[in-house]
Amino acid sequence: IESIYKVGETRYEDISLKDFIENVITDALAQSHRKTFDIHKDLDDTLTLYMDSNVLRKILFGLIKNAIENTPGEGKIRIKAYQTDNHIGIDCIDHGIGITRENQDLIFGGFFHTQETEMYSTKEPFAFNAGGAGIDLLRTKILSEQFGYTLDFVSKRCDFIILDSDECPGNIAMCPHIKNKEECYNSGGSTFSIRFPSPAAM
């Protein structure tokens, strides 16, 4: 547990969000052997966040890794950074398999996987449906309490693999239920959102 939430000495600094997020995406893609998906970026290039860079990297890397592992081949992930009157927000949106309603209340519990026990396997990190223990999401939730941001998510399970025991073929072109990518994008997915209080709102 200590290895999950321990971050060492914190050093706050002004971070240019657009450049920072793009660097984290590059790092994640370099560690992933999967290249058959698209990442779309919608990043406000004027945003600056006063935050510890090591902590922010852990948060973003975990969310992006989670999105990649839940996105089938030829799928799409979208990363947004924006500002409202009250907060600076970062959304990690995947159009993947989604989370069943039964599992949504448990997703931040850690050491929890969303597949049936007999289907569970520890594949390589970033592999589709890798079946991790949920440590990245647990870390993100724990750090939110320490660093004052909120973490929310919404998810819709894919219309064609409703149960945890139902399997996605892992590539949009192999799905027998759809005719094109857009139908897959619209059938399921998850959005994880982190929101930092805007300086103007503090």
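Since we're looking at a predicted model, the values are computed, not measured.
Judged by distance alone, with hydrogens and angles left aside, the side-chain atoms of S155 form a donor-acceptor pair with the main-chain N or O of I99 at under 3.5 Å. No side-chain donor-acceptor contact under 3.5 Å links R157 to the backbone of R101. When atom types are taken as modelled, the side chain of S32 and the backbone of A28 share no donor-acceptor pair closer than 3.5 angstrom. A donor-acceptor pair under 3.5 Å links the side-chain atoms of D166 to the main chain of L163, judged by distance alone.
Under the rule for a side-chain hydrogen bond (donor to acceptor under 3.5 Å, both in side chains), the partners of D159 that lie at least two apart in sequence or sit in another chain are K156. With sequence neighbours excluded, the residues that form a ring pair (Phe, Tyr, Trp, His ring centres under 6.0 Å) with Y12 are Y50. Not counting sequence neighbours, D38 has no partner by the salt bridge (charged side-chain N to carboxylate O under 4.0 Å, His left out) test. Checked against side-chain hydrogen bond (donor to acceptor under 3.5 Å, both in side chains), S53 has the following partners two or more places apart in sequence or in another chain: E13. For Q104, the side-chain hydrogen bond (donor to acceptor under 3.5 Å, both in side chains) test picks out no residue, with sequence neighbours left out. In terms of the ring pair (Phe, Tyr, Trp, His ring centres under 6.0 Å) criterion, F20 has no residue partners (sequence neighbours excluded). Listed by chain and number, the residues in a ring pair (Phe, Tyr, Trp, His ring centres under 6.0 Å) with F61 are F126 (sequence neighbours excluded). Qualifying side-chain contact (heavy atoms from CB on, under 4.5 Å) partners for C175, counting only residues two or more places apart in sequence or in other chains: P169, H177, I178. Checked against side-chain contact (heavy atoms from CB on, under 4.5 Å), S16 has the following partners two or more places apart in sequence or in another chain: D19. For the salt bridge (charged side-chain N to carboxylate O under 4.0 Å, His left out) test, no residue two or more places apart in sequence or in another chain qualifies with E145. Not counting sequence neighbours, the partners of K65 by the side-chain hydrogen bond (donor to acceptor under 3.5 Å, both in side chains) test are E69, D136.
Here the closest heavy-atom approach between residue I15 and residue D52 is recorded as CD1-C, 4.3 Å. Across every non-hydrogen atom of F128 and P72, the tightest pair is CE1-N, 3.6 Å. In terms of heavy-atom proximity, A81 sits nearest to L47 at C-CD1, 3.8 Å.
Cluster annotation: L43 is connected to I64 through the hydrophobic network of ILVMFWY side chains, with a link wherever side-chain heavy atoms come within less than 4.5 Å. I172 is not connected to I77 by any chain of hydrophobic side-chain contacts under 4.5 Å among Ile, Leu, Val, Met, Phe, Trp and Tyr, and they are in different clusters. In this structure, L29 is not a member of the same hydrophobic cluster as I93, with clusters built from ILVMFWY side-chain heavy atoms closer than 4.5 Å.
Two residues are said to be in side-chain contact when any heavy atoms from C-beta on lie closer than 4.5 Å; Q146 and L143 meet this criterion. Looking at N86 and S198, their side chains never come closer than 4.5 Å, going by heavy atoms from C-beta outward. Proximity of I194 to L63: side-chain heavy atoms (C-beta onward) are separated by under 4.5 Å at one or more points. Between F147 and L56, every side-chain heavy-atom pair lies at or beyond the 4.5 Å cut-off. D27 has its side chain within reach of R57: a pair of non-hydrogen atoms, C-beta onward, lies under 4.5 Å apart.
A distance of 5.0 Å separates CG of L49 from CG of L17, quoted to the nearest 0.5 Å. In this structure, CD1 in I25 is found 8.5 Å from CG in L60, a value given to the nearest 0.5 Å. Atom OG in S187 sits 8.0 Å away from atom CD1 in I161 (nearest 0.5 Å). Taking CD1 of I142 as the start and CZ of R139 as the end, the distance is 9.0 Å to the nearest 0.5 Å. For the atom pair CG of L151 and CG of L137, the computed distance is 7.5 Å after rounding to the nearest 0.5 Å. Taken to the nearest 0.5 Å, the CD atom of Q83 stands 7.5 Å off from the CG atom of D44.
Ring pair F153/F192 is parallel by interplanar angle, where below 30° counts as parallel and above 60° as perpendicular.
With hydrogens and angles left out, the side-chain atoms of S193 and D91 include a donor and acceptor closer than 3.5 Å.
Residue pairs meeting the salt bridge (charged side-chain N to carboxylate O under 4.0 Å, His left out) criterion with at least one partner in residues 71-83, sequence neighbours excluded, are D42-R78, E74-K181.
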- [ ] Please test R195 against D152 for side-chain contact (heavy atoms from CB on, under 4.5 Å), starting from the C-alpha separation and ending with a verdict.
- [x] CA-CA 9 Å; R195 297 185 178 91; D152 298 300; 3.1 Å; yes
